[in-house]
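Contents: one structure, followed by commentary.
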Protein chains: 2
Amino acid sequence: MTTSEGLEALAALRGALERSSTAERVADALRERIIDGDLAPGARLSEEALGQALGVSRNTLREAFRLLGHERLLVHRFNRGVFVAVPELEDVVDLYRVRRALELDAVRRADRAPQGAVARVGAAVQEGEAAAGRGDWWGVGTANMRFHQALAALADSPRTDEVVRRLLAELRLVFHAMAAPRDFHVPYVALNRRIHRLLEEGRLQEAADELADYFDTAERQLVEAFSAEPG
Amino acid sequence: MTTSEGLEALAALRGALERSSTAERVADALRERIIDGDLAPGARLSEEALGQALGVSRNTLREAFRLLGHERLLVHRFNRGVFVAVPELEDVVDLYRVRRALELDAVRRADRAPQGAVARVGAAVQEGEAAAGRGDWWGVGTANMRFHQALAALADSPRTDEVVRRLLAELRLVFHAMAAPRDFHVPYVALNRRIHRLLEEGRLQEAADELADYFDTAERQLVEAFSAEPG
DNA sequence: TCATGAGGATTGTTGAACAATTCACCGATC
DNA sequence: GATCGGTGAATTGTTCAACAATCCTCATGA
């Protein structure tokens with residue numbers, strides 16, 4: 001084999017090889033616990049206690065806090081500490097405003113999507129159907145997130161991917177803060193399937209219209225849940 | 001006056017009262033120097049040297065680095081240090097993809113814009129005209145940024161504001177990395193004026209179409225500049 | 001010319017220290 | 001009884017010094 005062949009094959013692994021700092025690993029761990037709801041919205045994260053529990057120094061922990069603060073999962077109040085963010089009604093509205101702009105744009109331009117992007121949307125739909133089949137409502141929610149992440153990926157834009165990932169993580173926080181997340185996700189599985197089918201057939205505008213409807217009803221439902229049980 | 005009246009009036013000031021940390025102030029200073037071009041793309045920022053120059057400890061400086069890293073103005077290479085980001089061709093394309101989605105959406109929905117938002121667009125246009133009048137091409141660029149920030153603000157969405165602010169800061173980096181930024185901005189002043197007039201008259205779709213044209217030509221121009229002088 | 005180490009420089013991370021600030025508690029006062 | 005004010009503990013903001021881990025340079029050797 002030629003040298004260039006070997007080097008090219010190796011270059012693909014470079015991303016995986018990059019070691020991550022402890023701060024990033026700590027941030028990953030905390031992010032997971034926040035998204036899973038182990039750390040409830042509003043909970044305060046003590047530097048000393050958490051640092052001791054995770055076995056890292058205060059300085060490193062603070063770096064992790066910054067990372068999650070920029071993802072809006074934590075709010076940092078000066079001289080008061082960091083807290084798990086508590087989504088408000090306005091946040092829900094804002095989240096959906098940005099999602100509408102980005103995801104709808106991605107769907108409408110899906111004809112320029114990279115190879116296999118539509119297939120990944122389909123995989124997320126299937127994952128959601130499987131979770132719904134075994135009554136795993138939280139798994140349905142996870143699949144739903146993956147579905148929308150895959151929609152955003154149709155734009156073939158790293159920055160869109162990053163922004164949407166952050167928005168969806170925040171949305172998980174909203175689910176934890178609202179009244180009855182149990183029955184929220186399941187009804188959307190069928191709609192996701194429909195959107196994916198339209199994408200496969202290249203009927204992009206129709207897919208975008210369906211998605212717009214999805215946003216409208218989901219937002220309305222969340223707003224109602226928030227009005228019922230104020231934060 | 002009633003108690004609730006007074007409290008409500010005071011609540012509006014709360015944001016301004018929040019003191020900022022040293023790390024944030026350091027980040028502000030560095031951001032300015034990067035945007036103004038004093039710190040060229042690719043330049044390495046030594047922790048020790050910079051910390052000494054700014055009179056802050058390494059820890060604090062590293063916090064500032066994280067902040068700017070998340071704005072993509074700095075890139076952090078593990079065990080190697082932080083560098084001023086060097087925009088590539090793909091970055092230009094990606095920046096414009098996201099701007100198209102967000103700014104066009106904001107303009108199309110400008111009928112729901114908050115009070116005075118269109119006026120702020122007009123103020124940015126005027127600022128650009130004034131700068132062009134006195135031959136201050138860099139001032140024209142600054143006014144241009146403010147114009148687009150004002151367009152994004154039509155969406156009345158804090159998250160849109162934040163994302164667009166980051167995109168525009170990155171774009172400034174692109175200007176520094178390209179060949180001839182001097183003549184780039186001025187031609188767009190007239191177009192900005194036209195877009196603002198259409199907004200005032202409520203002809204939103206036409207305004208969006210003009211803006212889309214703007215994006216197309218500006219992107220093409222930048223891509224050409226990059227092909228001519230590869231980074 | 002190319003590979004190989006050795007050494008120096010820089011970053012990653014920790015721990016401790018001190019100042020500044022907040023919070024909770026407890027009297028004092030009206 | 002409620003509010004105001006102050007004291008002190010607890011927590012955060014920031015710095016400093018130290019050491020390990022890693023990278024880069026450069027001289028050396030084949």
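Just so it is clear: chains get the letters A, B, ... in the order the sequence lines come, proteins before strands, and each one is counted from 1. Bear in mind the structure is a predicted one, so any value in this text is a computation, not a measurement.
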Self-check item: Gap between atoms CD and P, on B:Gln52 and C:dT11 respectively (whole Å)
Solution: 13 Å
Quiz item: Is a side-chain N or O of A:Thr142 found less than 3.5 angstrom from the main chain of A:Trp138, in a donor-acceptor match?
Solution: yes
Exercise. Before giving the answer on salt bridge (Lys or Arg N to Asp or Glu O under 4.0 Å), spell out for A:Arg31 and A:Asp28 the whole-Å C-alpha distance, their side-chain angles and the decisive distance to 0.1 Å.
Key: CA-CA 5 Å; A:Arg31 187 186 301 109; A:Asp28 289 342; 2.9 Å; yes
Quiz item: Is there side-chain contact between B:Arg159 and A:Glu170, with at least one heavy-atom pair below 4.5 Å?
Solution: yes
Quiz item: To the nearest 0.5 Å, what is the distance between CG (B:Leu167) and CD (B:Glu162)?
Solution: 10.0 Å
Quiz item: Within this structure, what is the CD-to-P distance between B:Glu48 and C:dA9, rounded to whole angstrom?
Solution: 11 Å
Quiz item: Taking only N and O in the side chain of A:His76, is any of them less than 4.0 Å away from OP1 or OP2 of D:dT12?
Solution: no
Quiz item: Which word best sums up how the rings of B:Trp137 and B:His185 line up, parallel for under 30°, tilted for 30 to 60°, or perpendicular for over 60°?
Solution: parallel
Practice problem: Please state whether the phosphate of C:dC23, meaning OP1 or OP2, lies under 4.0 angstrom from any side-chain nitrogen or oxygen of A:Arg80. | Solution: yes
Self-check item: Approximate separation, where rounding is to 0.5 Å, of A:Asp156 CG and B:Arg97 CZ
Solution: 5.5 Å
Exercise. Starting at the 5' end of nucleotides 13-18 of chain C, put B wherever the base has a protein heavy atom under 4.0 Å, S where only the sugar-phosphate does, and a dash everywhere else.
Key: BBB-B-
Quiz item: Once you round it to whole Å, what is the distance between P of D:dT11 and CZ of A:Arg77?
Solution: 17 Å
Practice problem: Would you kindly give the CG-to-C1' distance between B:Leu54 and D:dT14, to the nearest whole Å? | Solution: 15 Å
Quiz item: Can you check the B:Asn79 CG to C:dT11 P distance for me, whole Å?
Solution: 10 Å
